[in-house]
Amino acid sequence: MGSRTSPVSRPVTIRRAVARDAKRLTRLVRGSGAYEGKYASAVAGYRVGPDYIEAHRTFVAVGADEHAGRVLGFYSLVLAPPELDLLFVADEVQGRGIGRMLVAHMQSEARAAGIDRLKVVSHLPAEDFYHRVGAVRTGTALANPPAVPWDRPEFEFRISSG
């Protein structure tokens, strides 16, 4: 359990995603432990394609230590309407501050784009994470069967002006 709570000890770089990252991002989404069991159907056929990466502000966290060059996590910011569409961290590096780092980067990107609030429809197991990084619960996104047969918490990030 200690490795899940220790902070990142080596540098992690956040860079803009490129088309060649698409397969790695898709594997990260489909392989997420948060989507096992009853949640598996939500990501079973999910694909992060080069077209998605090109259309949205998608950023990856890349390791500079034993994970050198490996995508450790990513997020995607949709500008209109403002929404954090995807945020994933590889299971084996969760609890080391990478998600928090990605959220801080996303807030900086949103601020630079002139966004003061943005929505997040969360996965149920990620609800506590969003609370911890400062998102405010605003409601519930109702189930959308067959892809998502359960209600999900909806949050909002309020982006400070700096």
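Scope of the values below: all heavy atoms of this structure, side chains included, with no hydrogens, waters or symmetry mates.
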Exercise. Test side chain to side chain contact (heavy atoms under 4.5 Å, CB included) on Leu118 and Met106 and set out the steps.
Key: CA-CA 10 Å; Leu118 64 92; Met106 174 275 302; 3.5 Å; yes

Pairs under 3.5 angstrom only: tabulate donor-acceptor contacts from the side chains of residues 146-157 to other protein residues two or more places apart or in another chain.
unit_1, atom_1, unit_2, atom_2, d
Asp151, OD1, Ala143, N, 2.8
Glu156, OE1, Arg117, NH1, 2.7
Glu156, OE1, Arg158, NE, 2.9
Glu156, OE1, Arg158, NH2, 3.4

Which atom pairs, donor and acceptor, lie under 3.5 Å between side-chain atoms of residues 119-132 and protein residues at least two apart or in another chain?
unit_1, atom_1, unit_2, atom_2, d
His123, NE2, Ala34, O, 2.7
Glu127, OE2, Arg137, NH1, 2.7

Quiz item: Between Leu79 and Leu102, is there a shared hydrophobic cluster once you connect ILVMFWY residues whose side-chain heavy atoms come closer than 4.5 Å?
Solution: yes

Practice problem: With the side chain counted from C-beta on, respond yes when Leu72 and Arg96 share a heavy-atom pair under 4.5 Å apart, and no when they do not. | Solution: no

Quiz item: Just how far is it from atom CG of Leu86 to atom CZ of Phe74, taken to the nearest 0.5 Å?
Solution: 5.0 Å

Quiz item: Could you give all pairs that pass the side-chain hydrogen bond (donor to acceptor under 3.5 Å, both in side chains) test and reach residues 71-82, with sequence neighbours left out?
Solution: Tyr52-Ser76, Thr58-Ser76, Tyr75-His105

Quiz prompt | Donor-acceptor contact below 3.5 Å, side chain Arg30 vs main chain Tyr46 | solution = yes

Quiz item: With hydrophobic residues grouped by side-chain heavy-atom distances under 4.5 Å, do Val78 and Val48 end up in a single group?
Solution: no

Quiz item: How would you list all residue pairs meeting side-chain hydrogen bond (donor to acceptor under 3.5 Å, both in side chains) that involve residues 11-20, not counting sequence neighbours?
Solution: Arg15-Asp21

Quiz item: Roughly how far apart are Ile159 CD1 and Arg111 CZ, rounded to 0.5 Å?
Solution: 6.5 Å

Quiz item: side-chain contact (heavy atoms from CB on, under 4.5 Å) with Ala22: which residues, sequence neighbours excluded?
Solution: Pro50, Ile53

Quiz item: Which pairs count as salt bridge (Lys or Arg N to Asp or Glu O under 4.0 Å) when at least one residue sits in residues 33-55, sequence neighbours excluded?
Solution: Arg47-Asp51

Self-check item: Asp91 to Ser32 - nearest heavy-atom pair and separation
Solution: OD2-C, 3.8 Å

Quiz prompt | Short side-chain to backbone donor-acceptor contact, Arg100 and Val133, under 3.5 Å | solution = no

Quiz item: Roughly how far, to the nearest 0.5 Å, is CG of Leu84 from NE2 of His56?
Solution: 12.0 Å

